[in-house]
Amino acid sequence: GGGGPPAAGPVFPWKGTFVYKLLLCWRYLLSRFLALACIVSVMLGVATLIVVNSVMGGFSTKLKDRLHGLLSDVLVEAKTYDGFPDPAGKMQLIRESPVGDKIEAMTPTVDIFAMLQYCYPGGTVTRPVRLIGIDPEGRARIGGFAEYLYTLRQRQLVRMPPTLEPSEEARRRYELRHFLVSPPPEVAVPPPTPPSEESLEPPPPSPPDSRPKLPRGIIVGNAIVSYRVPKERPDDPPRDHYVLEPGDDVLITTVGCQKLAPVYDRFMVCGYFKSEMSEYDSNYVFVPLDYLQHLRTMEDRVTSIQIKLKNYADAPEVVQTLSQLFPPAQFNVETWEHKQGPLLAAISIERGILNVLLFLIIGVAGFGILAIFAMIVVEKTRDIGILKALGASNSGVMTIFLGYGLLLGLVGAGLGTALGLALTIHINEIEKFLSRLTGQEIFDRSIYYFDAIPTDIQPVSIALINLGAVGIAVLFSVLPALQAALLHPVRALRYE
């Protein structure tokens with residue numbers, strides 16, 4: 001059959017495929033020095049964001065853990081300074097409420113302000129403190145207490161059980177310092193003789209014990225009775241010097257409950273509270289609840305009930321139910337997050353603002369991509385004209401530049417993630433190296449009393465940072481890509 005001439009095939013054999021676009025993107029990436037500058041910009045921006053987010057996340061997480069531990073999940077607090085009566089009855093009322101099965105543990109506390117005074121060879125120290133009366137066993141079940149208790153043994157801090165009873169060593173130290181106790185001499189005791197008629201009179205009463213009564217125990221914040229010894233070298237480990245040891249005594253002065261008259265008594269140091277948060281370690285002291293109630297003449301009264309839940313997700317329901325049980329005019333029922341809301345909100349705002357500011361680093365890299373791509377379009381006008389003359393479509397040319405921006409973003413974000421994770425994991429080693437190099441302590445541990453810089457690597461945050469970096473790289477390549485796609489092949493080749 002007589003057919004016409006065969007139809008002409010496409011002049012450009014790769015039209016409609018992705019092969020030539022990928023080859024051109026890869027060639028531009030390897031052959032141009034300016035592409036390396038874009039990759040380094042994106043890499044440094046991503047690495048900086050990952051390190052800053054991880055370190056701020058570590059500080060935030062540690063702070064929240066301390067706040068949560070010290071305040072428990074839910075608090076029922078009195079609005080008055082003298083507290084509320086019958087804490088046992090109120091805890092029983094909570095257990096019998098509809099949310100009683102959601103509660104794991106409860107404990108009453110008395111939390112007031114006081115003055116602490118102690119003497120040491122250099123003089124006398126007087127300072128305000130937060131005086132907290134607790135039941136050690138009940139407070140240990142809530143959490144955030146027993147894991148931060150320490151005592152001194154051979155000048156080293158060691159963990160101690162959750163108790164406010166002084167150890168035998170502390171008692172002996174107190175007796176030797178205050179009572180000047182010495183072993184009584186051994187006296188031969190004659191054997192008993194049978195009573196005679198003349199000795200039927202009652203024996204004279206034995207003399208009263210002249211030894212004063214030992215004071216009750218107290219746990220003091222680590223930073224109240226210690227200070228950091230200056231380092232000889234920046235990389236030396238932190239070392240604390242204690243001006244009070246277990247067995248030493250302190251004077252606590254506060255006000256009574258019924259009358260705002262000063263009441264005071266001596267307590268014996270039996271341990272230290274070291275949460276590694278200077279705000280708490282320099283303010284909190286713990287004493288037995290029953291004795292503080294007796295001292296303030298507030299028997300069977302407390303200022304708060306701390307509640308630990310089986311599942312913290314039930315906190316809103318528990319707060320709503322307990323708010324109906326306890327009159328709002330006399331009680332505050334709230335979660336630890338609500339109580340510390342301003343502080344947590346400030347941390348969140350600071351972290352968000354810092355992320356926005358640091359993200360501008362990647363924005364600068366985006367403007368670099370825009371400038372470099374505009375230069376490439378001008379420089380490669382002839383090549384673009386040839387591609388379009390051979391059959392490349394407008395969308396194909398635009399895809400080349402968008403793919404180039406995507407490739408730059410992916411490579412830069414990948415290298416930045418690797419660099420950021422490496423810096424975050426080894427940040428304490430880097431800090432020690434910089435301290436040795438500069439002779440200055442980069443991370444002052446006297447501020448937070450942390451032994452190391454805390455970090456918290458969050459995969460979701462890293463994914464969002466990478467997504468934002470790649471998105472900026474692609475976004476800033478759109479305008480040059482449109483400029484290249486709209487080039488007419490004849491105009492692009494008219495000077496050739």
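The only member of Pro161, Pro246, Ser167, Pro166 that meets side chain to side chain contact (heavy atoms under 4.5 Å, CB included) when paired with Thr151 is Pro246. Each of Leu116, Thr253, Val110, Ile112 was checked for a side chain to side chain contact (heavy atoms under 4.5 Å, CB included) with Leu131, and the lone residue meeting it is Ile112. In summary, of the residues considered (Leu44, Thr48, Val42, Leu49), a side chain to side chain contact (heavy atoms under 4.5 Å, CB included) with Val46 occurs for Val42 alone.
Note that NZ of Lys274 and OG of Ser226 are 8.0 Å apart. Values are rounded to the nearest 0.5 Å. One distance of note links CG of Asn428 with CD1 of Ile453; it measures 5.0 Å at 0.5 Å rounding. Expressed to the nearest 0.5 Å, how far OG1 of Thr424 lies from CG of Leu419 amounts to 9.0 Å. Once rounded to the nearest 0.5 Å, the distance linking CG of Leu214 with CD of Glu165 reads 10.5 Å. Atom-to-atom distance recorded for Met56:CE and Thr455:OG1 is 14.0 Å, nearest 0.5 angstrom. Once rounded to the nearest 0.5 Å, the distance linking CD of Gln306 with OG of Ser72 reads 4.5 Å.
Applying the ring-ring contact (aromatic ring centres under 6.0 Å, His included) criterion to Phe286, with sequence neighbours excluded, gives Phe145, Phe273.
Residues Pro136 and Thr163 approach most closely at CB-CA, 4.1 Å, considering heavy atoms. Pairing each heavy atom of Val51 with each of Gly420, the nearest pair is CG2-O, 3.6 Å. Scanning both residues, Gly416 and Ile50, for their nearest heavy atoms gives O-CD1, 4.2 Å. Here the shortest heavy-atom pairing between Asn283 and Pro128 reads OD1-O, 4.2 Å. Between Leu244 and Tyr272, the shortest heavy-atom distance links the atoms O-OH, 2.6 Å. Nearest heavy atoms, Ser304 versus Glu77: CB-CG, 3.8 Å.
Within 6.0 Å of OH on Tyr81 lie more than 12 heavy atoms contributed by other residues, nucleotides or ligands. Other residues, nucleotides and ligands contribute only 12 or fewer heavy atoms inside 6.0 Å of the CZ atom of Arg153. Open room surrounds CD on Gln320; 12 or fewer heavy atoms of other groups in view lie less than 6.0 Å from it. Surrounding CD of Glu147 are more than 12 heavy atoms belonging to other residues, nucleotides or ligands, all under 6.0 Å away.
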Between Val243 and Tyr118, does a side-chain contact (heavy atoms from CB on, under 4.5 Å) hold up when you go through it step by step?
CA-CA 10 Å; Val243 296; Tyr118 63 87; 3.7 Å; yes

Please walk me through it: do Val287 and Ile132 pass side-chain contact (heavy atoms from CB on, under 4.5 Å)?
CA-CA 6 Å; Val287 297; Ile132 305 175; over 6 Å; no

For the pair Asp82 and Met298, evaluate side-chain contact (heavy atoms from CB on, under 4.5 Å) and give the outcome as yes or no after the intermediate values.
CA-CA 7 Å; Asp82 56 351; Met298 56 179 301; over 6 Å; no

Between Gln330 and Thr80, is a side-chain contact (heavy atoms from CB on, under 4.5 Å) present by the stated rule, with each step listed?
CA-CA 7 Å; Gln330 302 176 11; Thr80 57; over 6 Å; no

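Side chain of Lys64 to backbone of Glu337: no donor-acceptor contact under 3.5 angstrom is found. Side chain of Asp314 to main chain of Lys102: no donor-acceptor pair is present (N/O by atom type, distance under 3.5 Å, no hydrogens or angles). With Ser97 contributing its side chain and Ile94 its backbone, the two residues share a donor-acceptor pair below 3.5 Å. Within the 3.5 Å criterion, the main-chain N or O of Gly143 finds a donor-acceptor partner in the side chain of Arg139. Counting only distance, with no hydrogens or angles, the side chain of Lys90 and the backbone of Pro85 share a donor-acceptor pair below 3.5 Å. Proximity of a side-chain donor or acceptor of Lys310 to a complementary backbone N or O of Asp101 within less than 3.5 Å is detected. With Asp281 contributing its side chain and Gly221 its backbone, the two residues share no donor-acceptor pair below 3.5 Å. Between the side chain of Arg296 and the backbone N or O of Thr254 there is no donor-acceptor pair closer than 3.5 Å. Side chain of Asp248 to main chain of Glu245: a donor-acceptor pair is present (N/O by atom type, distance under 3.5 Å, no hydrogens or angles).
With contacts defined as side-chain heavy-atom distances shorter than 4.5 Å, the pair Val99/Glu317 qualifies. Using a 4.5 Å cut-off on side-chain heavy atoms (C-beta onward), Asp290 and Arg216 make contact. Val318 places none of its side-chain heavy atoms less than 4.5 Å from the side chain of Asp73. Annotation: side chain of Asn222 is in contact with side chain of Tyr242 (closest heavy-atom distance under 4.5 Å). Between Val269 and Val250 the shortest side-chain heavy-atom distance falls below 4.5 Å. In this structure the side chain of Val411 reaches within 4.5 angstrom of the side chain of Leu415, judged on heavy atoms. Using a 4.5 Å heavy-atom cutoff, the side chains of Glu431 and Ile427 are not in contact. Side-chain contact between Ser275 and Tyr284 is absent, with no heavy-atom pair separated by less than 4.5 Å.
Proximity of the aromatic rings of Tyr280 and Tyr148 is defined here by a centroid distance below 6.0 angstrom, and this criterion is not met.
A cation-pi arrangement, defined by a distance under 6.0 Å to the six-membered ring centre and an angle within 45 degrees of its axis, is absent between Arg301 and Phe84.
Within the structure, the ring-ring contact (aromatic ring centres under 6.0 Å, His included) test picks out no pair touching residues 122-141 (sequence neighbours left out).
Side-chain contact, Asp111 with Thr109: no donor N or O sits under 3.5 Å from an acceptor N or O.
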